[in-house]
Amino acid sequence: MRWRDGDRQALDSLMPLVYKELRRIAQHYLNAERAGHTLQSTALVNEAYVRMVEQNLPQWQNRAHFFAVAAQIMRQILVDYARSHGASKRGGNVCKLSLDDAEESPQPVDFDILALDDALRTLHTMDPQQCRVVELKFFAGLSIADTAEVLGISSSTVKRDWITARAWLYRELDRSATV
């Protein structure tokens, strides 16, 4: 891949090919945002593109790895956006996201995106691999097989980490909602 070798113009050639999928990921995020959210999927994709161009990003292992990094950047943009717009850390302006149905149409569960980000940061200190599984499955929408490929682990390990991390996150988010 030319981009891998430092050719930034290759990204410009790649974007039209992956734009539709990036918009799908962005729309997934934004459908879960609070009512009246002003950030649109096009703006989210464009901001992710700008950050991808400006950063010294890793060499892409495959298509799934590219979308995983893009989804992680979009997640960070939304967290930054929530913080900059004075979103309440506990309660108030909640997002509707589902940890249960990352592969299917989500059944919304109310929680604060900033609380989720805090919980994921804590999970990362305890078990970085479980945190990556959540990012790839939930935020990037990758399958068990794609997540296993990106992380270089078995599908059964991904399933086990997903179940464990999801249970831990539910507990943490429930605890933070009652604080």
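Please read all numbers here as calculations on a predicted model, not as lab measurements.
- Across all non-hydrogen atoms, the minimal contact from Ala145 to Ser155 is CA-OG, 4.1 Å.
- Put simply, CG on Leu142 and CG on Leu151 are 9.0 Å apart, with the number rounded to the nearest 0.5 Å.
- In this structure, the separation between NE2 on His124 and CD on Gln129 is 11.0 Å, given to the nearest 0.5 Å.
- Partners of Ala165 under the side-chain contact (heavy atoms from CB on, under 4.5 Å) rule, at least two apart in sequence or in another chain, are Leu123, Gln130, Val134.
- Legend: residues meeting side chain to side chain donor-acceptor pair (under 3.5 Å) with Arg23, ordered by chain and number and at least two apart, are Ser41, Thr42.
- The two residues Ala70 and Leu22 come nearest to each other via the heavy atoms CB-CD2, 3.4 Å.
- Distance CD/Glu47 to CD1/Ile77: 4.5 Å, rounded to 0.5 Å.
- With sequence neighbours excluded, no residue satisfies side chain to side chain donor-acceptor pair (under 3.5 Å) with Asn46.
- Following chains of ILVMFWY side-chain contacts shorter than 4.5 Å, one can reach Val158 starting from Met126, so the two form part of one hydrophobic cluster.
- In this structure the side chain of Glu172 never reaches within 4.5 angstrom of the side chain of Asp118, judged on heavy atoms.
- Residue pairs meeting the salt bridge (charged side-chain N to carboxylate O under 4.0 Å, His left out) criterion with at least one member in residues 139-158, sequence neighbours excluded, do not occur.
- Rounded to the nearest 0.5 angstrom, Asp161 CG and Trp168 CH2 are separated by 13.5 Å.
- Between the CG atom of Leu169 and the OG1 atom of Thr164 there is a distance of 11.0 Å, given to the nearest 0.5 Å.
- With sequence neighbours excluded, no residue forms a salt bridge (Lys or Arg N to Asp or Glu O under 4.0 Å) with Asp127.
- Listed by chain and number, the residues in a side chain to side chain donor-acceptor pair (under 3.5 Å) with Ser154 are Ser156, Thr157 (sequence neighbours excluded).
- Counting heavy atoms from C-beta outward, Gln72 and Arg132 have side chains that approach closer than 4.5 Å.
- Residues satisfying the side chain to side chain donor-acceptor pair (under 3.5 Å) test with Thr125, not counting sequence neighbours, are none.
- Scored by the salt bridge (Lys or Arg N to Asp or Glu O under 4.0 Å) test, Asp117 finds Arg75, Arg83, Arg121 as partners (sequence neighbours excluded).
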Query raised in the report: Could you walk me through whether Gln76 and Asp80 pass the side-chain contact (heavy atoms from CB on, under 4.5 Å) check?
Result: CA-CA 6 Å; Gln76 190 57 53; Asp80 293 347; 2.8 Å; yes
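- Among all heavy-atom pairs drawn from Met74 and Ala48, the shortest one is CG-CB, 3.9 Å.
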